[in-house]
Amino acid sequence: MLKLENLTLHYGHSQILYDISMEAESGAVTCLMGTNGVGKTSLLKAISGTHARSGGDMVLNGETVAKSTPAHILAQMGVGYVPQGRDVFPLMTVKENLETGFACLERSEHRIPDEIYELFPVLKEMQNRRGGDLSGGQQQQLAIARALITKPKLLLLDEPTEGIQPNIIKQIGEVIKYLRERGDMAIVLVEQFFDFGYELGDHFVVLTRGEVVHNALRAETERDALLAKVSV
């Protein structure tokens, strides 16, 4: 679903990512790991079009993506992005937040599928509450649900467990497993919570100082060696 070859990224005169090559397949979770500040979030921004990549090739579902392609076009092409910090609209209701995902869909598809409320029952209970009134865990569920509204082929999740209570972490994990088993999207998961990422990952990519230092399937990845690579 996603193939990157020699992707580079600059912020101003500073180079952040160096020749990143990786793939993410449908029906699998690609777990992107590394310590703070190594470029994981920057890579998701480059893939989602939030920040234009400086060089390298990106192929999405067989289609080459120009490096200047903006985020809204990539969203229409099937990239769903759940950023770190969630970015829900605090003054809009839960239902209105979900409906912002309609911008990527044909008018005939402008409805909230029952599946969304089945995956996240709390959102149905709170659909008329303002996004800013939700707890952190509820906002994270809302952010993931909003991305799913767009019917993504590639789902990018940036640290979905950050600051979330354990029961919500477990629920988010079950949702990710369900989406993987559905088989119609590739999932790229950035995660600092090692056990959560290791449990879900089918493929592991580790960054250090903006470079890939590990890129292998689960069967080729030894747990303790992986943990050593992502520890400070």
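All figures in this text were calculated on a predicted structure; none of them were measured in a lab.
Here the OG1-CG distance, from T50 to L74, works out to 8.5 Å after rounding to the nearest 0.5 Å. Distance check: H203 NE2 to C31 SG gives 10.5 Å after rounding to the nearest 0.5 Å.
You'll find the side chain of L44 reaches within 4.5 Å of the side chain of V188, heavy atoms only. Put simply, the side chain of E162 reaches to within 4.5 Å of the side chain of Q84, judged on heavy atoms.
When atom types are taken as modelled, the side chain of E106 and the backbone of S108 share no donor-acceptor pair closer than 3.5 angstrom. Using a distance-only test at 3.5 Å, with no hydrogens or angles considered, no donor-acceptor pair links the side chain of T69 to the main chain of V65. In terms of modelled atom types and a separation under 3.5 Å, the side chain of S21 and the main chain of N6 share a donor-acceptor contact. Checked by atom type and distance alone, the side chain of N97 never pairs as donor or acceptor with a backbone atom of L142 at under 3.5 Å. The backbone N or O of L60 lies less than 3.5 Å from no partner atom in the side chain of E63, so there is not a single donor-acceptor pair. A donor-acceptor contact shorter than 3.5 Å is absent between the side chain of H214 and the backbone of M33. Although no hydrogens or angles enter the test, the distance criterion places no donor-acceptor pair under 3.5 Å between the side chain of H51 and the main chain of S42. Under a 3.5 Å cut-off, the side chain of S54 and the backbone N or O of H10 do form a donor-acceptor pair. No donor-acceptor distance shorter than 3.5 angstrom exists from the side chain of Q165 to the backbone of N167, with no hydrogens or angles considered. The main-chain N or O of T35 is found under 3.5 Å from a side-chain atom of K40 such that the two form a donor-acceptor pair.
Closest approach of Q140 and E159 over heavy atoms only: OE1-O, 4.2 Å. What you find for G131 and V88 is that their closest heavy atoms are O-CG2, 4.2 Å. When all heavy atoms are compared, the tightest approach of L207 to V213 is C-CG2, 4.5 Å. Across G197 and E191, no two heavy atoms sit closer than the pair N-CG, 4.0 Å.
With no hydrogens or angles considered, no side-chain donor-acceptor pair links T8 and Q15 at under 3.5 Å. Side-chain contact check for T41 and D158: at least one donor-acceptor pair (N or O, by modelled atom type) lies under 3.5 Å.
Using a cut-off of 4.0 Å between Lys/Arg side-chain N and Asp/Glu carboxylate O, E96 and R146 are scored as not salt-bridged. In summary, D202 and R180 engage in a salt bridge, as defined by a charged side-chain N under 4.0 Å from a carboxylate O. Using a 4.0 Å cut-off between charged side-chain N and carboxylate O, R218 and E199 make no salt bridge. Comment: E99 engages K95 in a salt bridge, judged by a side-chain N to carboxylate O separation of less than 4.0 angstrom. One finds a salt bridge joining E5 and K3 here, because a Lys/Arg side-chain nitrogen approaches an Asp/Glu carboxylate oxygen to under 4.0 Å.
Within a 6.0 Å radius of CD in E220, more than 12 heavy atoms belonging to other residues, nucleotides or ligands are found.
Taking hydrophobic clusters as Ile, Leu, Val, Met, Phe, Trp and Tyr residues chained together by side-chain heavy-atom distances below 4.5 Å, M22 does not share a cluster with V29. In terms of hydrophobic clustering, with Ile, Leu, Val, Met, Phe, Trp and Tyr side chains grouped at heavy-atom distances under 4.5 Å, F120 and V94 are assigned to a common cluster.
For the pair R223 and Y198, the distance from NZ or CZ to the six-membered ring centre is under 6.0 Å and the angle to the ring normal is within 45 degrees.
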